[in-house]
Each structure stands twice: as structure tokens, then as C-alpha cells.
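Lettering follows sequence order; numbering is per chain, from 1.
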2 protein chains.
Amino acid sequence: MAKLPADPCSIARTLGVLGERWTILILREAFFGVSRFAEFRDRLGVAPDVLSDRLATLVEFGVLSREPYREPGARSRFAYRLTPAGRELQVVLSALQQWGDEHLPRPEGPTMLRRVRGTDCPVRVGYLDEQGQEVPLADVAVIPAGA
Amino acid sequence: MAKLPADPCSIARTLGVLGERWTILILREAFFGVSRFAEFRDRLGVAPDVLSDRLATLVEFGVLSREPYREPGARSRFAYRLTPAGRELQVVLSALQQWGDEHLPRPEGPTMLRRVRGTDCPVRVGYLDEQGQEVPLADVAVIPAGA
DNA sequence: TGGCTGAGTACGGAAATCCAACTCAGTTGG
DNA sequence: CCAACTGAGTTGGATTTCCGTACTCAGCCA
């Protein structure tokens, strides 16, 4: 663990946490409410040693918390739950999903939809200015800080 | 190649294209304008066989195009350039960058900023409704299609 | 003709991944 | 109390991927 690169690029540092095989899919399951080791393993088919490593990395960097809990009449277990920082990764997963929906479509259409809770208004991922107004992709500039 | 999983989940399919080591960093360089094999290799320090494989995958799935070109008085070369589909991945990279800026900060602060071209208004990645208005994370529901 | 450069391919060793089997603790059943 | 069961991992070995270096190949240039 402790594989976080000291890279000045935030993308590279984030990939140090999320960039290994299975990590993003583990998070997808976490967003679906999965929290137990065996459930991650069974739903994803990931090897338990890899799962153990990935969960430890995500806990180490504050994406998941590892909470002991005890169901009545059972021994203490661990639940892996999204922290507030982890929940903010939803926009990353949604961006990946949106791109796949559009550019790697299946004939059956997408399996998951992003909607405003309550109303059924579709929701997209995109750029926003400080007033919460959409900024078209073509108007976004990524520039070096201190320039 | 042809590693695209038939997975019904768009996130999994997208990761079939982008999920291997180096791929996202190759795209980061492509957004900076890098287009030549040797320049990707030298800037990233990636092994040439891995680079060759990743570029082929990205071309295969329409993220990059491989265009022969000829500088005057030089032989024909290949340029790898973002396609329109590839350019739409900018929001994915920005989302990763934004999360890293916030949750894996460096004392020196971020190296790259997202701004509206022309004005210097900061730009964030977030959720939008169909009118281009921000939707708070807490109001976004991800639901199965056909439910 | 021989050298230079860009764009790769080839190859051997290192590391990560996968799969199966095993451990360990607490709990339930007999 | 003892045995079996279950969840949460750990361990060991085969396989795949990755890394680094060396090499090739083609066209231009002197």
C-alpha cells in the first residue's frame, strides 16, 4: 500500500488510489450498497487476495471506512462503507458510465439511468461555472496554475 | 485487443477501454497536444510495447485516430489524435483531477486549473439537468432502466 | 554507402493477478 | 463440550501483465 505517487498531477495521484484493476468496480458495488467482503467477492468474482488489497487501499486513502458491526446473535464483522470523500467519486463513475452509454452502446440500451430524485428528469455529467450554470466542453480551458 | 467486455454495465465496458495501466495518462498527454509515439514514451516513461498496445486499443475503440502525416523533407509518420469521442473523455479526466485536488492535495496546491476560456471563471465538474442547471449530488439517483 | 531518427517489435526478468486451498474466530446444533 | 458452519480473510503456485533494454525497419541526408 502507500502507493500514492507524489506526482504533481492530480489525475496521476487519483489513479494511484483508483487506478488498479477492480477498484472502480468495487466502488460501483459500494454505491449499490454492498458493504461486506464476501458480497463484493461474490458479485464481482474478484480473487480474495486482490479484494483484500484493494479494500485496504481504499480505506487507507479515505474512500471507504472499515467499521466493525455486530448483527444480533452473530460475531463482529467489518462493513466497508463510502466516506463523504468516497461519495464524491460518484461523479467519476457517472462520467465513465455516460461515456460508455454513448460510445460503447449495447443494442438493448443502458442498464442504469441517472435521474433527479423525485422528478424523473434525466441528469448528465458536465462542466459548471460558479453559478451552477453549464459550461460547454469547448469553452473549458485547462491551464497550468500560476500562469 | 478486442477486450471490450460484453458486460451490461457501461462503467465496466468503459473500463475495458480505459482501465489498463497508463491509458488515462496517455489520454492526459493527448489532451496536452501530444500526438507522436516517441513523445508519449518520453514524457510518461512507459515501455514501448505497452504504449503500442494501449494506443492500438484506443484507436480500435475510436478514442484516438492514427493518421499518417508527412512533415516537409521527412518521411511519413503517424500522429495519434483525439477523436470527438475521445475529446468527450475530458470530463472523466477532469472529474479525476477535481477529486485529487480536493482529497489528495499537495501543499503547493493544484498544478492545473479548469477555467472558462476567455473569462477566468473557475469551472467544476458536476451533475446537470436538461436545462443545463446544476443538480446537487444528493439529488441524483442512479436507477435500473426499465424500473 | 553509411548514419540518423522515429516508430515500433522482441525478449527476459519482475511484478501483479488469478485460482484454489487453507486458516482462524465466533456461533450454532447436538 | 465437541463438531460443523460461516465470514473474512491469508497462503501458495501457475499464469498473465508489465518493465527495461536491445533490436529492427524504413526513409531521408551527407
What is the distance, to the nearest angstrom, from the [atom1] atom on [X] to the [atom2] atom on [N]?
{"X": "Leu55(B)", "N": "dG6(C)", "atom1": "CG", "atom2": "C1'", "result": "14 Å"}
{"X": "Leu44(B)", "N": "dC19(D)", "atom1": "CG", "atom2": "C1'", "result": "14 Å"}
{"X": "Asp42(B)", "N": "dT5(C)", "atom1": "CG", "atom2": "C1'", "result": "12 Å"}
{"X": "Asp53(B)", "N": "dC18(D)", "atom1": "CG", "atom2": "P", "result": "7 Å"}

Quick one: ring-ring contact (aromatic ring centres under 6.0 Å, His included) pairs with a partner in [range], sequence neighbours left out?
{"range": "residues 27-58 of chain A", "result": "none"}
{"range": "residues 84-104 of chain A", "result": "Trp99(A)-His103(A)"}
{"range": "residues 112-134 of chain A", "result": "none"}

TODO: For Pro122(B), enumerate each residue passing the side chain to side chain contact (heavy atoms under 4.5 Å, CB included) test, keeping only those at least two apart in sequence or located in another chain.
DONE: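 Side chain to side chain contact (heavy atoms under 4.5 Å, CB included) check on Pro122(B) returns Glu130(A), Arg115(B).
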Does any non-hydrogen side-chain atom of [Y] lie less than 4.5 Å from one of [X]?
{"X": "Leu27(A)", "Y": "Val92(A)", "answer": "no"}
{"X": "Glu134(A)", "Y": "Glu134(B)", "answer": "no"}
{"X": "Leu128(B)", "Y": "Val125(A)", "answer": "no"}

Task: Test log, rule side-chain contact (heavy atoms from CB on, under 4.5 Å), inputs Val116(A) and Val140(B) - done: CA-CA 5 Å; Val116(A) 176; Val140(B) 175; over 6 Å; no
Between the protein and nucleotides 5-8 of chain D, which nitrogen or oxygen pairs are less than 3.5 angstrom apart?
unit_1	atom_1	unit_2	atom_2	d
dG7(D)	N2	Arg75(A)	NH2	3.4
dG7(D)	N3	Arg75(A)	NH2	2.7
dA8(D)	OP2	Ala38(A)	N	3.3

TODO: Report the end-to-end axis angle of the helix from dT1(C)-dA30(D) to dG30(C)-dC1(D); each axis comes from five terminal pairs, and the value is rounded to 10°.
DONE: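 Between the first-five-pair axis and the last-five-pair axis there is 10°.
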- [ ] Consider only side-chain N and O atoms of Arg54(A) and Thr57(A), and report whether a donor and an acceptor are under 3.5 Å apart.
- [x]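 Absent: no donor and acceptor within the cut-off.
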Open item on the list: Under 6.0 Å from the ring centre and within 45 degrees of the ring axis: does the NZ or CZ of Arg66(A) meet both conditions for the six-membered ring of Tyr80(A)?
Closed with: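 That pair does not qualify as a cation-pi contact.
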- [ ] Drop me the distance from Cys121(B)'s SG to Asp139(A)'s CG, to the nearest 0.5 angstrom.
- [x]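 Between Cys121(B) SG and Asp139(A) CG, I get 11.5 Å after rounding to 0.5 Å.
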Task: Separation of Ser10(B) OG from Gln98(A) CD (nearest 0.5 Å) - done: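 Atom-to-atom, Gln98(A):CD and Ser10(B):OG are 10.5 Å apart.
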TODO: Go through the structure and list residues passing salt bridge (Lys or Arg N to Asp or Glu O under 4.0 Å) with Arg81(B), not counting sequence neighbours.
DONE: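 By the salt bridge (Lys or Arg N to Asp or Glu O under 4.0 Å) rule, Arg81(B) matches Glu67(B).
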TODO: Output all residues satisfying salt bridge (Lys or Arg N to Asp or Glu O under 4.0 Å) with Arg106(B), sequence neighbours left out; order by chain, then residue number.
DONE: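 In terms of salt bridge (Lys or Arg N to Asp or Glu O under 4.0 Å), with neighbours along the sequence ignored, Arg106(B) is linked to Glu108(B).
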Task: Those residues of residues 22-34 of chain A lying under 4.0 Å from DNA chain C by at least one heavy atom - done: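 The answer is Trp22(A).
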Pick out the pairs of N or O atoms, protein on one side and nucleotides 15-17 of chain D on the other, that lie under 3.5 Å.
none

Task: Short side-chain N/O contact from Ser52(B) to OP1 or OP2 of dT9(C), under 4.0 Å - done: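 Yes.
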Using a cutoff of under 3.5 Å, can you pull out all pairs of nitrogen or oxygen atoms linking the protein to nucleotides 20-22 of chain D, with atom names and distances?
unit_1	atom_1	unit_2	atom_2	d
dG20(D)	O6	Asp49(B)	OD2	3.0

Open item on the list: Going by side-chain hydrogen bond (donor to acceptor under 3.5 Å, both in side chains), name the pairs with one or both residues in residues 23-35 of chain A, residues two or more places apart or in two chains.
Closed with: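 Listed once each, the pairs are Glu29(A)-Arg43(A).
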